[in-house]
Enquirer: 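Structure provided below as structure tokens; questions to follow.
Note that ligands are numbered from 1 as they come in the structure, with each ligand's atoms numbered from 1 the same way. Since the model is a prediction, treat every value here as computed from it, not as a measurement.
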Amino acid sequence: MARGIGTKCLHLEENEGRCRNYGAVSWPIFQTAAYAHPGAGKSTGYDYTREQNPTREHLEKVVAALENGIDALAFTSGMAAAALLMELFHPGDHLIADADLYGGSIRLFDHVSQKNGITFSRIDCYKDDVESYIKDNTKAVYIETPTNPMMHVTDIEHMAKTAKKHNLLLIVDNTFLSPYFQNPLDLGADVVLHSGTKYLGGHNDTLAGFLVTNREEISERLRFLFKTTGACLAPLDSWLILRGIKTLGIRMEKAQENAMAIVNWLKGQKAVTKVIYPGLAEHPGHEIMKKQARGFGAMITFQLKSKESALAVLEKVRMIQYAESLGGVETLITYPATQTHADVPEEIRERNGITESTLRLSVGIEDEKDLLDELERVFREIEGEGHG
Ligand SMILES: *Cc1c(COP(=O)(O)O)cnc(C)c1O
């Protein structure tokens, strides 16, 4: 019987059994670079940690199980995963990428992939006619849903059908929802990317990245590129991410609950002109999210009346920290225009709707009341100063 996702965060069926690893309940950290061989031409299955390490391998199997993939590869960061993924393509290839991606992905495409001869069409995948952008040399579609930070929702199943029809790979960066809330491979995607730094690790303390696939030939190619280029996650960091994943379910549930409370509170604020959260019934992607995901996540984007009020919020937060990440237990607030999306060309940023009064919250697992108290204090202070 298929197990629930909460259980899959804790137990890997194939690695269960009595007294494996001396009965250690926590999977051990195999802090070794090399492995001795039992004899000439013989191997334990482990040769060198760039290729395999039992701690990383256990983590990879857990993440593959969470995304219902046949293989997952654990990288030193999400960007290392994205950079390796781009090695699947050749000079002359063309990709269709969503216009509103994580800023680092856009920087990778603009400054590394293009130099390597790969071209991109950047479109709004949630609304544009993707087929009209497909050329003879188009090889893949690269999306996030919901997008970062504008929270546009793309219908994954529909996009996968279009991609299949034209023999394109569908790549989905699933960082924002985590496998706890969404499984793109089940909806027809070919590769899922994660920044493991975010919800999977969950504690704002370790960088990691993942590529997950359910296609044998892609897995083989990625494994070859992985051992050749070497951005493999270290044993200790693999263990930290494994430990983070154990509580993924309860963290996601609590963060989402807090997010909903904050969204409702923000909507009642005079200083707030717009709240973007796909859990709101009025969000244009709400119904698609209900169909393809098990939750709405804990990322909120909101607009204030002016740049001054946005900056004032960043100045005044104390418990909520002004920092450039997401997906951890601590609530963070980000200013996309100068942080996560600073390297996105201004005209694209503006076209996407990221302005100097846009703020993004990654809601953590603090007590709801304390988060609301903090926001209440910040907003009353800025009102008092005439920014509200
Ligand atoms: C953070 C992030 C990345 C990059 O991951 P790193 O671990 O920071 O390298 C990629 N995609 C999304 C959606 C992210 O939030």
Side-chain angles (χ1 to χ4, degrees), residues 56 59 63 67 72-86 95 97-113 122 125-126 142-154 156 171-182 184 189 191-212 226 229 231-234 237-238 240-241 244-245 248 252 255 276 278 293 296-301 323-328 330-336 339-344 352 354 360-364:
R56 190 173 70 233
L59 168 65
V63 172
E67 282 290 13
L73 294 82
F75 294 84
T76 48
S77 71
M79 287 322 298
L84 183 108
L85 181 64
M86 295 314 290
L95 269 67
D98 199 282
D100 186 41
L101 293 177
Y102 174 70
S105 307
I106 295 176
R107 185 172 57 211
L108 172 73
F109 298 162
D110 280 359
H111 297 283
V112 182
S113 309
R122 289 219 200 86
C125 289
Y126 73 101
Y142 191 114
I143 64 169
E144 289 176 23
T145 177
T147 61
N148 178 3
M150 299 316 285
M151 307 283 173
H152 299 307
V153 176
T154 295
I156 300 175
I171 300 159
V172 182
D173 180 339
N174 199 30
T175 301
F176 258 38
L177 287 183
S178 91
Y180 185 75
F181 281 143
Q182 181 168 274
V191 179
V192 163
L193 182 142
H194 279 285
S195 167
T197 315
K198 314 295 167 55
Y199 289 105
L200 289 168
H203 291 75
N204 289 321
D205 59 12
T206 309
L207 295 186
F210 294 93
L211 293 177
V212 195
F226 188 60
T229 55
C232 51
L233 193 62
D237 288 355
S238 297
L240 283 164
I241 302 294
I245 288 174
L248 178 67
M252 294 304 298
I276 312 175
F296 302 102
M299 297 299 300
I300 305 167
T301 296
E324 182 169 348
S325 192
L326 66 103
E330 294 94 359
T331 298
L332 302 182
I333 192 161
T334 303
Y335 191 46
Q339 291 186 302
T340 48
H341 292 67
D343 285 343
V344 177
N352 289 353
I354 304 171
R360 190 189 78 183
L361 266 177
S362 166
V363 181

Enquirer: With under 30° as parallel and over 60° as perpendicular, where do the rings of Phe226 and Phe75 fit, or are they tilted in between?
Expert: perpendicular

Enquirer: Any non-hydrogen side-chain atom of Pro149 less than 4.5 Å from a side-chain atom of Ile354?
Expert: yes

Enquirer: Do Leu95 and Met86 touch side chain to side chain, with heavy atoms closer than 4.5 Å?
Expert: yes

Enquirer: In terms of residue, atom name and distance, what is the protein heavy atom nearest to atom 4 (C) of ligand 1?
Expert: Tyr102 CE2, 3.4 Å

Enquirer: Taking C-beta and beyond as the side chain, do Asp173 and Leu101 meet within less than 4.5 Å on heavy atoms?
Expert: no

Enquirer: Which one of Lys198, Met79, Met299 has a non-hydrogen atom at the shortest distance from atom 2 (C) of ligand 1?
Expert: Lys198

Enquirer: Check whether any N or O atom of Gly78, backbone or side chain, sits under 3.5 Å from an N or O atom of ligand 1, and answer yes or no.
Expert: yes

Enquirer: Any chance the rings of Phe176 and Phe181 have centres within less than 6.0 Å?
Expert: no

Enquirer: May I ask you to identify the nearest protein heavy atom to atom 7 (O) of ligand 1, giving residue, atom name and distance to one decimal place in Å?
Expert: Thr197 OG1, 2.6 Å

Enquirer: Can you check whether Glu144 has an N/O within less than 3.5 Å of an N/O in ligand 1?
Expert: no

Enquirer: Write down the atom of Gln182, the atom of Glu67, and the distance for their closest heavy-atom approach.
Expert: O-OE1, 3.7 Å

Enquirer: Heavy atoms, side chains only, cut-off 4.5 Å: are Thr76 and Leu207 in contact?
Expert: no

Enquirer: For ligand 1, which atoms have a heavy atom of Leu326 less than 4.0 angstrom away?
Expert: 15 (O)

Enquirer: With only distance considered, is Asp173 within less than 3.5 Å of ligand 1 through an N or O on each side?
Expert: yes

Enquirer: Quick one: does Ala208 get a heavy atom under 4.0 Å from ligand 1?
Expert: yes

Enquirer: Please determine whether any non-hydrogen atom of Leu207 lies less than 4.0 Å from an atom of ligand 1.
Expert: no

Enquirer: Does any N or O of ligand 1 fall below 3.5 Å from an N or O anywhere on Ser195, backbone included?
Expert: yes

